[in-house]
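Below, read A as the first sequence line, B as the second, and so on, with proteins coming before strands; counting in each chain starts at 1.
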Protein chains: 2
Amino acid sequence: MSNTESGTLSAAFNRGKVMSRDCPSRAILKHVTSQWGVLVLVALMEDTHRFSALRRKIGGVSEKMLAQTLQQLEQDGFVHRVSYPVVPPHVEYSLTPLGKDIGRRVADLADWIELNLPTIIKARQSLA
Amino acid sequence: MSNTESGTLSAAFNRGKVMSRDCPSRAILKHVTSQWGVLVLVALMEDTHRFSALRRKIGGVSEKMLAQTLQQLEQDGFVHRVSYPVVPPHVEYSLTPLGKDIGRRVADLADWIELNLPTIIKARQSLA
DNA sequence: CAGAATCCAACTTGATACTG
DNA sequence: CAGTATCAAGTTGGATTCTG
């Protein structure tokens with residue numbers, strides 16, 4: 001079988017699937033690591049939020065992008081959406097167990113960057 | 001001190017800065033979690049690679065995007081570029097210590113997705 | 001081989017306005 | 001409040017061509 005990858009037999013290193021152009025992981029990865037996807041996950045790791053609360057919390061998101069991001073993450077099974085049929089509308093977003101699992105890793109990444117930002121900036125300057 | 005965030009005093013939860021529209025972390029986060037940034041980091045976690053090797057390994061990248069991504073990651077101090085002045089040109093890309101640190105987290109994320117892909121797909125269907 | 005430069009198509013994003 | 005619809009504008013991305 002012609003293998004676009006390195007042709008390794010070891011499925012143990014299951015890393016490599018995502019390297020293929022058409023690996024389904026790519027789509028999930030894209031949602032999760034999207035500009036607003038990351039921040040939504042981080043925000044929801046802290047607590048359940050309403051739509052407008054999320055919008056206030058995540059500086060710079062437009063309504064459109066927030067709605068779109070939430071829909072993607074909901075479809076992937078990471079975000080749980082609960083709509084209370086009252087007026088005015090009341091909708092709450094939270095993480096599913098799966099969402100918490102991946103959210104932890106994403107938040108970890110974001111935290112690392114915040115923590116190491118000084119180091120990164122220094123490193124960048126020493127390259128200039 | 002007036003705090004635009006939730007007004008918490010605990011800097012221990014340094015999460016929150018990245019939520020501001022103009023936090024410098026946002027730029028780094030964007031490079032690292034960009035579509036190709038993720039895959040470059042994952043690939044370089046395994047080994048040093050030459051440009052064309054990376055291009056072959058990462059299915060779907062164009063030369064342009066690969067070059068651009070590598071430059072961003074190099075400027076952020078995550079990727080080390082070594083150019084041997086021979087003909088034909090020989091350039092090697094590897095991760096700096098900083099790059100390995102963050103690369104581990106990114107690879108972790110990618111691995112998690114690959115590993116849980118079946119679960120995710122099932123979850124998605126049960127929502128349909 | 002490693003990339004820079006160019007050109008153009010396609011998708012993404014953001015304001016704004018509108019609806020249930 | 002929680003979105004959707006619309007449209008303009010910006011950005012990304014890819015194919016191609018060219019160079020050291």
key: Atom-to-atom span, OH of Tyr84(B) to P of dC1(C) - whole angstrom   = 17 Å
Short side-chain N/O contact from Arg50(A) to OP1 or OP2 of dA2(D), under 4.0 Å = yes
remark   = Atom CZ of Arg21(A) and atom C1' of dG13(D) are separated, to the nearest Å, by 14 Å
request  = Establish, with yes or no, whether the OP1 or OP2 oxygen of dC1(D) is under 4.0 angstrom from a side-chain nitrogen or oxygen of Ser52(A).
outcome  = no
request  = Give a yes or no answer on whether the side chain of Ser25(B) reaches the backbone of Ile113(A) with a donor-acceptor pair at less than 3.5 Å.
outcome  = no
request  = Evaluate the side-chain proximity of Leu70(A) to Trp36(A): yes if any heavy-atom separation is below 4.5 Å, no if none is.
outcome  = no
inquiry  = With a 4.0 Å cutoff (strictly under), does any side-chain N or O of Tyr93(A) reach OP1 or OP2 of dG3(D)?
reply    = yes
query = Tell me, do Val42(A) and Met19(B) make a side-chain contact under 4.5 Å, heavy atoms counted?
reply = yes
ask   = Rounded to the Å, how far apart are Arg56(A) CZ and dC1(D) C1'?
value = 11 Å
request  = Classify the nucleic acid contact of Glu92(B) as base, sugar-phosphate or nothing, counting any heavy atom under 4.0 Å across all strands shown.
outcome  = nothing
key: pair Leu44(A)-Leu54(A): side-chain heavy atoms closer than 4.5 Å   = yes
Atom-pair distance (CD on Gln72(B); P on dG3(C)), nearest Å = 15 Å
ask   = Reading nucleotides 11-20 of chain C 5' to 3', which nucleotides get B (base under 4.0 Å from a protein heavy atom), which S (sugar-phosphate only), which -?
value = --BBB-B--B
query = Quick one: is dG3(C) close enough that its OP1 or OP2 comes under 4.0 Å of any side-chain N or O from Arg81(B)?
reply = yes
ask   = Any sub-3.5 Å donor-acceptor pair from Glu92(A)'s side-chain atoms to Thr48(A)'s backbone N or O?
value = no
task = Please work out whether the ring planes of Tyr84(B) and His90(B) are parallel, tilted or perpendicular, with thresholds of 30° and 60°.
result = perpendicular
